[in-house]
Amino acid sequence: MHVLKNISTLYTCCMEGPQDSIHPIENAAIVWSEGAFDWVGKESELPEKYQSAQAVDAKGHIVIPGLIDCHTHLCFGGWRPDEFEMRIRGESYLNIAKAGGGILSTVKSTREASFEELYEKSASLLRNIIQLGVTTIECKSGYGLTLQDEIKQLKVYKKLQENFTVDLIPTFLGAHTIPSEFKDNRKGYIDLIVHEMIPYVAHQNLAQFCDIFVEESAFSIDEARTILNAAMEHGLEPKLHADQLSDGGGAELAAEVGARSADHLEQVSDEGLKRMAERNVTGVTLPIASLYTQQPYLNCKRLVDAGVDVAVATDFNPGSAPSFNMHLAMMLTCNHGRLTPAETLKAATIYSAKAVAMEKKIGSIEPGKSADFVIINTPDLNFWMYHFGGSKIDRVYAKGVRISE
Ligand SMILES: [Zn+2]
């Protein structure tokens, strides 16, 4: 049994209350054993029976729940730095694609990479991600686009889960885009997803969610409905990349199928938000993608006002969001998403847990929950969000074990 003492402010981030309720406790202590929290409260009120627990000194720093990155594309072959420069020079998406860029270039590199190469690269990235305070990470396939290569990515996540203490939440994203060999046969690819990929992935327990990119350049609403219904029949819970570049009705579809989350939403309609609120679909903002693609940011205030819980994630991928820094995503959510630091912290913890159906186990510091927490060397939450510079993260714990260097 361990007790963490000398916490200046503990931000417990319990679910109760609106987006800005993060339930802070000053001069706090927390007790955990066997990977879960036993007691949380003011240090002066620490019960007698915990006095003999092994003490850990928080050194007067703040403590928050482990950050949850609920939307990443962690496993991929290659990188796309040339495309980054082309975009800055103002090259069109079409020209970038013609020069061999875009999602399909990552598909090519991912197909060419061996399982071992993909594993080593993802493991190395994950070690860095952990140092930034992340204790749970959702990770998608979607750069294979054949049964074999989608499975290769999902098996990388399975092996990572075996070797790391943090939680990985695998998502099948075979419907990321139409691969080139099916460019004249959309129906053929959708049939492959529905009749081969989804049944195999579900049967082998390789994913918890099924995601789809709903966009003019990717999949239509009707195609998405077909794919997500098939996923649900096989026990995969739906998620959507929705309304990023245009209001294509993605949010409405997310509500219709009862999706766990709708992500991006930069162009979402008021009607879409209303329906998401009615079905309790979490809205996930991905501001790093807006930063790198020079697209408008999602005004998260609109979602909160419409009664939609907002989560924040990095969307880490080699094209539109080549950063896995949750602190950066959170700072952008404050400055461009117009959420306060408190609202943003709730977005990165308990509401992010909700976006991956884990809110009963993680996302807040409460007795019974997994002992995932981060000690940050900063006077308070506002200061951490405002002073964006070198990492102020002092120590990271997952399941009660220190996992940072
Ligand atoms: Zn994404």
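Treat the numbers as computed from the prediction; the structure is a model and nothing was measured. Remember, it's 1-based here, ligands and their atoms both numbered in the order they're listed.
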At what distance, to the nearest 0.5 angstrom, does [atom1] of [X] lie from [atom2] of [Y]?
{"X": "L126", "Y": "L74", "atom1": "CG", "atom2": "CG", "answer": "6.0 Å"}
{"X": "I198", "Y": "L192", "atom1": "CD1", "atom2": "CG", "answer": "10.0 Å"}
{"X": "I178", "Y": "I103", "atom1": "CD1", "atom2": "CD1", "answer": "11.5 Å"}

Output yes if D315 passes the N/O/S-under-2.8 Å test against the Zn ion (ligand 1); output no otherwise. yes
The Zn ion (ligand 1) to H73: any N/O/S contact under 2.8 Å? yes
Quickly, which of V3, I7, D38, V56 forms a side-chain contact (heavy atoms from CB on, under 4.5 Å) with I30? Name it, please. I7
To check your reading of the site, what angle at the Zn ion (ligand 1) do NE2 of H71 and NE2 of H241 form, to 10°?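 The angle at the Zn ion (ligand 1) comes to 90°, rounded to the nearest 10°.
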